[in-house]
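Worth knowing before you read on, the calculation uses all heavy atoms, side chains too, and leaves out hydrogens, waters and symmetry mates. For clarity, every value in this text was computed on a predicted model and none was experimentally measured.
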Amino acid sequence: ERMSCEKQLDVRLSEELYKAVIGTAAKFHEDLRLQFGLLSEDCTDENDYLQKSQEFIQDLRNDLKYAVYEYFQVKHHKDMV
């Protein structure tokens, strides 16, 4: 049985991949889960999804302040450095 990231997404992920990526993201924050779910909309297959997921994680690592604003639409807080 295969599971979809979200009900209407194009790429269907295996249950194992869904739990590993999206399930893990959900443990941190619902918005993070949604971002990983949205990645599958433009993917051709699971390998493409994994590549885009890795790129997304690298974006977060490279510039967290920008990524939080860009992906989660959080305005810059005065305490963010």
Side-chain angles (χ1 to χ4, degrees):
E1 183 175 325
R2 298 173 66 77
M3 297 182 73
S4 148
C5 286
E6 302 294 334
K7 294 180 186 195
Q8 303 292 321
L9 296 183
D10 298 328
V11 172
R12 297 186 58 82
L13 304 177
S14 66
E15 185 174 352
E16 180 181 30
L17 183 58
Y18 180 91
K19 287 179 180 179
V21 177
I22 297 174
T24 300
K27 291 178 183 178
F28 291 97
H29 197 279
E30 180 65 14
D31 287 344
L32 187 59
R33 181 194 72 82
L34 291 172
Q35 288 298 322
F36 278 103
L38 290 171
L39 286 176
S40 71
E41 288 184 348
D42 296 324
C43 297
T44 56
D45 57 25
E46 285 190 342
N47 288 330
D48 188 33
Y49 176 76
L50 285 172
Q51 178 65 37
K52 288 185 173 147
S53 294
Q54 289 174 336
E55 291 169 5
F56 174 62
I57 291 166
Q58 194 59 45
D59 285 348
L60 292 174
R61 286 181 174 166
N62 288 339
D63 190 347
L64 184 59
K65 189 166 143 181
Y66 170 78
V68 167
Y69 177 75
E70 180 68 20
Y71 295 114
F72 305 108
Q73 301 302 308
V74 174
K75 299 211 188 279
H76 293 285
H77 188 274
K78 66 179 181 175
D79 295 332
M80 290 182 74
V81 176

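For Tyr49 against Cys43, the heavy-atom pair with the smallest separation is CA-SG, 3.4 Å.
Once rounded to the nearest 0.5 Å, the distance linking CD1 of Ile22 with CG of Leu34 reads 9.5 Å. Atoms OG and CG, on Ser40 and Leu17 in that order, are 9.5 Å from each other to the nearest 0.5 Å. Interatomic distance, Leu13 CG to Asp45 CG, rounded to the nearest 0.5 Å: 10.0 Å.
A salt bridge between Glu55 and Lys52 is absent, with no side-chain N of the basic residue lying under 4.0 Å from a carboxylate O of the acidic one.
Between Leu50 and Glu46, the closest side-chain pair of non-hydrogen atoms is not below 4.5 Å.
Around the CD atom of Gln51, the shell of radius 6.0 Å holds more than 12 heavy atoms that belong to other residues, nucleotides or ligands.
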